[in-house]
Amino acid sequence: MVLERAFYRRDPRTVAPELLNKVLRHADGRSGRIVETEAYCGPTDPAAHSWRGRTARNATMFGMPGLLYVYFTYGMHWCCNPVCGEEGEGVAVLLRALAPLDGLAAMRAARPACRSDRDLCRGPARLCQAMGIDRAQDGIDLVDGAGGFSIVDDGVPPPAAPVVTPRVGITRAVDEPWRWYVPNDPHVSRR
DNA sequence: TCTGCGATAATA
DNA sequence: ATTATCGCAGAC
């Protein structure tokens with residue numbers, strides 16, 4: 001049910017499409033189905049935070065697979081990534097959108113500016129806001145669940161034919177087709 | 001529905 | 001200076 005460490009211990013380009021339709025769960029009851037992901041491939045990927053090696057900010061990205069790397073950007077937003085590959089590789093998958101499943105009231109309360117439930121988790125920073133993920137969750141283990149979060153397989157398989165596109169919001173390696181999303185899902189950030 | 005822009009601060 | 005973004009305003 002809860003994804004085991006071996007699931008994460010693979011190339012992020014393999015993990016990212018397989019993460020589609022898995023469920024991100026907060027221990028407080030909030031949950032959402034993952035509908036959009038991107039792979040970041042470490043020191044060989046100029047768009048990855050780990051491109052120039054390990055720093056204080058990206059340290060978690062070089063940790064054990066199954067940890068959650070949470071980073072701060074644009075002066076006000078948090079985004080989260082399950083760490084993949086082998087420890088020390090610096091590879092991860094950015095969670096870009098969820099279809100909200102449970103705990104919608106708590107999500108709405110966490111995002112007072114949000115008008116429509118469709119937008120609750122539509123975007124990497126929006127989903128972190130809705131789920132209650134920020135600096136306190138950087139480095140938590142999604143496998144043992146001790147940090148209050150886990151990713152579970154509830155039996156819904158990944159789409160047989162996910163949509164593949166270049167990644168969003170980057171300025172380097174812009175042509176690499178390392179974004180995947182569930183076809184025809186209204187909760188995907190940019191269609 | 002789409003486009004453009006300002007907010008806001010850590011990082012390198 | 002740049003940034004793995006968001007929400008609002010204004011146009012259509």
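Reminder, nothing fancy here: chain letters follow the sequence lines and each chain counts from 1.
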Presence of A:Arg126 side-chain N/O under 4.0 Å of C:dG7 phosphate oxygens OP1/OP2: yes

Name the closest nucleotide to the A:Met61 side chain, picking from C:dC6, C:dC8, C:dA4. C:dA4

For A:Asn58 and C:dA4, what is the distance between atoms CG and P respectively, to the nearest whole Å? 12 Å

To the nearest Å, how far apart are A:Arg118 CZ and C:dG7 C1'? 15 Å

Nearest whole angstrom, please: distance from the C1' of B:dT8 to the CH2 of A:Trp78. 13 Å

Does the ring of A:Trp78 carry A:Arg135 above it, NZ/CZ under 6.0 angstrom from centre and within 45° of its axis? no

Of the nucleotides C:dA4, C:dC8, C:dT5, which one has an atom closest to the side chain of A:Ala113? C:dC8

Can A:Tyr74 be said to stack with the base of C:dT3, given centres closer than 5.5 angstrom and planes under 30 degrees apart? yes

Counter-base of B:dT8, judged by Watson-Crick or G-U geometry with both distances under 3.5 Å: none

Out of C:dT5, B:dA7, C:dC6, which nucleotide sits closest to the side chain of A:Arg111? C:dC6

Base of C:dA4, side chain of A:Tyr71 - is there a donor-acceptor contact under 3.5 Å? yes

Send over the distance from A:Trp51 CH2 to B:dA12 C1', rounded to a whole Å. 12 Å

Counterpart base for C:dA4, defined by Watson-Crick or G-U wobble contacts under 3.5 Å: none

So A:Arg115, base contact, sugar-phosphate only, or nothing? Heavy-atom distance under 4.0 Å. nothing

Under a plain distance cut-off of 3.5 Å, with no hydrogens placed, do A:Thr165 and A:Arg179 share a side-chain donor-acceptor pair? yes

In whole angstrom, what separates A:His49's NE2 from C:dA4's P? 4 Å

Are the ring centres of A:His77 and A:Phe72 closer than 6.0 Å? no

In whole angstrom, give me the gap between the P atoms of C:dA1 and B:dG6. 16 Å

Please determine, for the side chain of A:Tyr69, which listed nucleotide (B:dA12, C:dA4, C:dT5) has the closest atom? C:dA4

Nearest 0.5 Å please: distance from the CE atom of A:Met107 over to the CZ atom of A:Arg126. 14.5 Å

For A:Ser189 and for A:Thr171, locate the closest nucleotide of DNA chain C by heavy-atom distance; then report the residue assigned to the nucleotide nearer the 5' terminus. A:Thr171

Closest approach of A:Ala97 and A:Ser189, non-hydrogen atoms and distance? CB-N, 4.3 Å

Closest to the side chain of A:Thr73, out of C:dC8, C:dT3, C:dC6, is C:dT3

Please classify the nucleic acid contact of A:Ala47 as base, sugar-phosphate, or nothing, using heavy-atom distances under 4.0 Å. base

Hey, is A:Asp45 close enough to A:Arg167 for a salt bridge, meaning N to O under 4.0 Å? yes

Please figure out whether A:Asp119 or A:Asn81 has its closest DNA chain C nucleotide nearer the 5' end. A:Asn81

Categorize A:Leu94 for me: base, sugar-phosphate, or nothing, with a 4.0 angstrom heavy-atom threshold over every strand shown. base

Nearest-neighbour nucleotide for the A:Phe72 side chain, C:dA4, B:dA7, B:dA10 considered: B:dA10

How long is the line joining CG of A:Leu127 and P of C:dA4, in whole Å? 16 Å

Would you kindly compare A:His77 and A:Arg135 by the position of their nearest DNA chain B nucleotide and give the one closer to the 5′ end? A:His77

Let me know the distance between CZ of A:Arg167 and P of C:dT5, rounded to the nearest Å. 11 Å

Find the distance A:Leu95:CG to C:dT5:P and express it as a whole number of Å. 14 Å

